[in-house]
Structures are given as structure tokens and as C-alpha cells.
Amino acid sequence: MTPIITAFERSPDRGQGLARDMPVRWALEEVGQPYDVRLLSFSEMKESPHLVLHPFGQIPTYEEGDLALFESGAIVFHIAERHAGLLPDDANARARAITWMFAALNTVEPPIIEREMAMLVEQDKTWYKERLPILEDRVRVRLDGLSSRLGDADWLDDGFSAGDLLMVTVLRRLKGSGILEKYPNLSAYVARGEARPAYKRAFDDQLAVFTSKQPTG
Ligand code: GTB
């Protein structure tokens, strides 16, 4: 049965792999599972057919037969559980890979999003110039820990896993910020993730949604 995921009909990042269907696409490509995509407008995301699938009216969702999931991390975990290639067989190594999935989404991503949100909606506030460096320091605290742990390794725990897939996805949000670039091993780690053929296929497919929608002439 071919799973169906949902994605933005018009992504604010113009298909640069930042919307959260990207990790789902990437996971499906890594395990070689073909999938279909249902594109949604912002208003369709808030209407009842989609709200049945996603209580918060967001993308991505994942449908496979009578199973319907939301939350990109849970969807990646489901894919990794059902297919070989994203979680190790050894029970302890598997538990560590799952730990990195949670670390990506629960520990590394929150300060990155807080900084992004401040830049999006607080620039006109009187406190913005004082607050931004504080938020950036919080991001650096996380990157310091991650960079020390990664060291010279290619991936966080031996072979590439769903933990790396989510961590690379999260770190990509910092590209061009000048923050990630101060950590050469993390920049190289992100580049290694992006160089994976499965990543490239997922990225190209997400980008094609945007480019194919452009009016010609
Ligand atoms: N925790 C959920 C998950 O991981 O699945 C979060 C899902 C989520 O935030 N979905 C966003 C959404 O549907 C799209 S991905 N937003 C519409 C809404 O809430 O009404 C977040 C996102 C969107 C766009 C960019 N971008 O263009 O840079 C980056 C991230």
C-alpha cells in the first residue's frame, strides 16, 4: 500500500526543504518506500477533512491504509520501525538512535525555533535588540554540546540513523545564520546529510512542488 503524505501547496520557503514534510520525504526515500503527496492550501489545512487527520490543521500527515498519523517525528519513527535502514537492529544502539531523535526535536530545535520566531514577529519591539543575542546564546549552548559529542565522527552514533536524519533537518534551519557556520564539524555533518542520495531526491521533489507551480512567461 502506497502511503500518502500531505505538504504545502505553496511553501513559505519556496521549497527549500524547511517545511516538515521534508524529513518524512527523506525517511521514505532512505528506506525506498514510494509515496504519494496530497498538496494543501492554507485554508484546506484548517478545514474538516484535514482536521480529522491533524487536530492542529498542519502538515505533514501520513496515511497508510487505515492508519493516519501526524507529527513529523512520529511519522519518521513509524517509517523507521517498519522498514530497515533507519534504526539499528541491536536493541541498545536502537534505543540510542531514538534518543537522538528526541534530542533533535526536544532539545536542539526549541531554541532554534524561538530565535526564528523572534526574528519573524518581534523585530519591531523595543526589547528585540537586547533579546536576540540571548536567544542566539541559547542556540550556541546546544550547538556546543552537540559539536563536542559529534567530534570527528560522521554520524551521532556509529551509522546514519533516523536520529541523524532529524538532527540534520533541525540544524538546516540555521544555515546562513552565521551561527552554524562557526561549528565546522556541524556544518560538515549537515553537508554529509544533504549529500545523501535519498536527501537529494526528497529535496528535489519538495522543490518541484514550488517550481512546477510557477506561472510561465
Ligand atoms: N510538530 C509538528 C510536526 O513536527 O509535524 C509541527 C508541524 C508544523 O509546524 N507544520 C507547519 C504548518 O503546518 C509546516 S512545517 N504550519 C501551518 C499552520 O500551523 O497553520 C513548519 C515550517 C513551515 C515553513 C517553513 N519555511 O518556509 O521556512 C519552515 C517550517
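Both counts, for ligands and for their atoms, begin at 1 and track the order of listing.
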#### Entry: Result of checking H50, H54, H78 against F70 for ring-ring contact (aromatic ring centres under 6.0 Å, His included)
H54
### Query
Sequence neighbours excluded, which residues qualify as salt bridge (Lys or Arg N to Asp or Glu O under 4.0 Å) partners of D154?
R192
### Message
Which label fits Y199 and W26: parallel for a plane angle under 30°, tilted from 30 to 60°, or perpendicular past 60°?
### Response
perpendicular
### Query
Are the side chain of T6 and the backbone N or O of T61 linked by a donor-acceptor pair below 3.5 Å?
yes
Inventory of protein N or O atoms under 3.5 Å from ligand 1 N or O:
{"from": "ligand 1", "atom 1": "1 (N)", "to": "E71", "atom 2": "OE1", "distance (Å)": "2.7"}
{"from": "ligand 1", "atom 1": "1 (N)", "to": "E71", "atom 2": "OE2", "distance (Å)": "3.3"}
{"from": "ligand 1", "atom 1": "4 (O)", "to": "R20", "atom 2": "NH1", "distance (Å)": "3.4"}
{"from": "ligand 1", "atom 1": "4 (O)", "to": "S72", "atom 2": "N", "distance (Å)": "3.4"}
{"from": "ligand 1", "atom 1": "4 (O)", "to": "S72", "atom 2": "OG", "distance (Å)": "2.6"}
{"from": "ligand 1", "atom 1": "5 (O)", "to": "S72", "atom 2": "N", "distance (Å)": "2.8"}
{"from": "ligand 1", "atom 1": "10 (N)", "to": "I59", "atom 2": "O", "distance (Å)": "2.8"}
{"from": "ligand 1", "atom 1": "13 (O)", "to": "I59", "atom 2": "N", "distance (Å)": "3.0"}
{"from": "ligand 1", "atom 1": "19 (O)", "to": "Q58", "atom 2": "NE2", "distance (Å)": "2.9"}
{"from": "ligand 1", "atom 1": "20 (O)", "to": "K46", "atom 2": "NZ", "distance (Å)": "2.5"}
{"from": "ligand 1", "atom 1": "27 (O)", "to": "D13", "atom 2": "N", "distance (Å)": "2.8"}

### Query
In terms of heavy-atom contacts, does CD of Q123 have more than 12 from other residues, nucleotides or ligands at under 6.0 Å?
yes
### Message
D157 and salt bridge (charged side-chain N to carboxylate O under 4.0 Å, His left out): which single residue from R96, R94, R149 fits?
### Response
R96
